[in-house]
Trainee: 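The structure's right below; bear with me while I get my questions together.
Please read these numbers as outputs of a predicted model, since none were measured by experiment.
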Amino acid sequence: MSEAKIGDADRAYFNGRIQKIETESSVLVSSSKYLNHAGLRALISQEMLRRNGPDLPNTAYIPEVAQILHDLEDMPRIIELFEMEKARLPLFKRWLERKSLSNFTIDETQDCAPGTLGAKIHDFMVNSGYQLDLFFQEIQVVNDFTYYLRQTALSHDIEHMITGFGPNHGGEIALLSANMHAKALYFHPELSNFFSRIAYYLKAKTTMKDALFYPEAMVVNLEAEFIGAQQGRNWKYPLMLVDWREYADVQIEDIRRELNITPVIDSRWDDTNRLCNEDDPNYGVPMMEAAE
């Protein structure tokens, strides 16, 4: 039995102002629409407290949580914020009006010169086993909001290429952190929160599982969060606003200089999936050496 005991004095200090509020409702009800959603409660508790077992990968149920969070949004307010920010931010307005999708194909990038973004995208599509189009694949672009959904899904892996934050445990956390900070600096707080809503969930569940089950992954988590925040706060503007088609034939190094991106170009996080993904064949193999 643990010697860590929470006493009456502790409870009095933290819980002393709790008030019991009666209700006529026969079901759970609170002032939070998120807490009131039984499916969201169940998914978040499961996804924050479970292990990343081989039967249920780390990415499980992201679509379900994302759908619920979108369903609970106050969409008239979100559209109002879009219009407010279009009036304030010329780049945001241009991005939405042009509706340029980063739906690159293998054929159109095959002749891009070495070192260019197009060549990097071509290599990714041919050799990585992944696809650029990873979310909201069935949405048709008919307005500003649907364009935002499609384009930000299409550009996720391009952001990995440009930032140097690879598709691995450390790189994913770093990219989440960078985008959160860049958007918070640039957009109205409400709209920034909306843009990062699902990212906040992903970061929260990853941090909680690392903290509970994967100590070495948590060390990587903290480093990646810090480096990502540093890079994102230094960007010229959030990368979601970049028209990547304008940069297909530009050298990646030149893009980074223009957008003020200081990439992670070493291999520090390349093998970090094995620290927390129990379906990884090398799961449990340590990366760190014990101190002398």
Side-chain angles (χ1 to χ4, degrees), residues 34 37 39-72 102-103 121 124-125 127-139 148-161 163-180 194-225 228 239-240 264 269-285 287:
Y34 304 104
H37 194 292
L40 187 62
R41 288 199 311 272
L43 279 172
I44 285 185
S45 62
Q46 171 179 287
E47 293 308 294
M48 292 188 75
L49 298 178
R50 72 172 177 86
R51 300 180 69 94
N52 294 325
D55 57 330
L56 202 60
N58 191 23
T59 56
Y61 300 116
I62 290 174
E64 285 75 12
V65 173
Q67 184 65 70
I68 292 170
L69 291 175
H70 275 290
D71 289 345
L72 292 176
S102 298
N103 53 348
I121 292 171
F124 174 86
M125 290 189 292
N127 297 314
S128 73
Y130 296 99
Q131 60 186 50
L132 283 178
D133 200 353
L134 80 165
F135 223 69
F136 295 119
Q137 298 176 54
E138 299 171 19
I139 284 182
Y148 152 75
L149 293 176
R150 286 289 291 128
Q151 173 58 13
T152 52
L154 284 164
S155 62
H156 174 78
D157 284 309
I158 297 174
E159 292 178 4
H160 274 301
M161 301 172 202
T163 60
F165 299 147
N168 48 56
H169 187 62
E172 294 290 357
I173 293 166
L175 188 57
L176 285 173
S177 184
N179 274 306
M180 289 173 184
F194 166 73
F195 285 151
S196 296
R197 190 94 70 209
I198 295 169
Y200 290 143
Y201 160 71
L202 295 174
K203 187 176 179 185
K205 80 180 184 75
T206 300
T207 298
M208 192 66 186
K209 285 192 286 188
D210 283 355
L212 291 175
F213 304 116
Y214 310 113
E216 206 173 344
M218 190 66 230
V219 174
V220 172
N221 191 318
L222 291 169
E223 177 191 39
E225 178 187 39
L239 297 190
M240 67 176 276
V264 171
W269 297 326
D270 284 2
D271 296 322
T272 51
N273 284 350
R274 75 170 188 249
L275 301 178
C276 55
N277 289 1
E278 296 183 28
D279 59 342
D280 190 294
N282 293 312
Y283 168 69
V285 179
M287 296 185 68

Trainee: N58 and side-chain hydrogen bond (donor to acceptor under 3.5 Å, both in side chains): which partner among K209, E278, E172?
Mentor: K209
Trainee: Q151 and N103: side-chain donor and acceptor closer than 3.5 Å?
Mentor: no
Trainee: Heavy-atom distance under 4.5 Å between the side chains of L72 and L40, does that happen here?
Mentor: yes
Trainee: Quick one: pull up OG in S102 and NE2 in H156 and give me the separation to the nearest 0.5 Å.
Mentor: 13.5 Å
Trainee: Shortest non-hydrogen contact from D279 to P54?
Mentor: CB-CA, 3.8 Å
Trainee: Taking the inter-plane angle between the rings of F194 and H70 on a 0 to 90° scale, is it parallel (under 30°), tilted (30 to 60°) or perpendicular (over 60°)?
Mentor: perpendicular
Trainee: Do L43 and E64 make a side-chain contact, defined as non-hydrogen atoms from C-beta onward lying under 4.5 Å apart?
Mentor: yes
Trainee: Could you check whether atom CE of M48 has more than 12 heavy atoms from other residues, nucleotides or ligands sitting under 6.0 Å from it?
Mentor: yes
Trainee: What are the two closest heavy atoms between P167 and N273, and how far apart are they?
Mentor: O-ND2, 4.2 Å
Trainee: Atom CG in L202, atom CG in L175: separation rounded to 0.5 Å?
Mentor: 11.0 Å
Trainee: Before giving the answer on side chain to side chain contact (heavy atoms under 4.5 Å, CB included), spell out for M218 and L275 the whole-Å C-alpha distance, their side-chain angles and the decisive distance to 0.1 Å.
Mentor: CA-CA 9 Å; M218 190 66 230; L275 301 178; over 6 Å; no
Trainee: Students often mix this up, so state it plainly: with edges at 30° and 60°, are the rings of Y214 and Y283 parallel, tilted or perpendicular?
Mentor: perpendicular
Trainee: Would you say S177's side chain and E225's backbone share a donor-acceptor pair under 3.5 angstrom?
Mentor: yes
Trainee: Could you tell me if the side chain of F124 sits less than 4.5 Å from the side chain of H160, heavy atoms only?
Mentor: no
Trainee: Check I198 against A66 and note the closest heavy-atom contact, atom names and distance.
Mentor: CD1-CB, 3.5 Å
Trainee: Looking at E47 and K205, what are the two nearest heavy atoms and their distance?
Mentor: O-CB, 3.8 Å
Trainee: What closest approach, in Å, do W269 and G170 show between heavy atoms, and which atom pair accounts for it?
Mentor: CE3-C, 3.7 Å
Trainee: Under the side chain to side chain contact (heavy atoms under 4.5 Å, CB included) rule, what do F195 and M180 come out as? Steps first, then yes or no, please.
Mentor: CA-CA 8 Å; F195 285 151; M180 289 173 184; over 6 Å; no
Trainee: Does either side chain, that of N221 or that of D210, offer a donor lying less than 3.5 Å from an acceptor on the other one?
Mentor: yes
Trainee: Using the side-chain contact (heavy atoms from CB on, under 4.5 Å) rule, pick out the option among T206, N277, D280 that qualifies with H169.
Mentor: T206
Trainee: Using modelled atom types only, decide if a donor and an acceptor are shared between the side chain of E216 and the backbone of M287 within a distance under 3.5 Å.
Mentor: yes
Trainee: Find the distance between CG (L212) and CE (M208) and round it off to the nearest 0.5 Å.
Mentor: 4.5 Å
Trainee: Count the heavy atoms belonging to other residues, nucleotides or ligands that lie under 6.0 Å from CZ of F213, then report whether that count exceeds 12.
Mentor: yes
Trainee: As an exercise, state the distance from CD1 of I158 to CG of L154, rounded to the nearest 0.5 Å.
Mentor: 7.5 Å
Trainee: Can you tell if the side chain of V264 reaches within under 4.5 Å of the side chain of T163, non-hydrogen atoms only?
Mentor: no
Trainee: Identify the two heavy atoms, one from R197 and one from L69, that lie closest to each other, and give their separation to 0.1 Å.
Mentor: CG-CD1, 4.2 Å
Trainee: For side chain to side chain contact (heavy atoms under 4.5 Å, CB included), just list the numbers for Y34 and I68, CA-CA rounded to whole Å, side-chain angles, deciding distance to a tenth of an Å, and then say yes or no.
Mentor: CA-CA 9 Å; Y34 304 104; I68 292 170; over 6 Å; no
Trainee: Could you tell me whether the side chain of N52 and the main chain of C276 form a donor-acceptor pair under 3.5 Å?
Mentor: yes
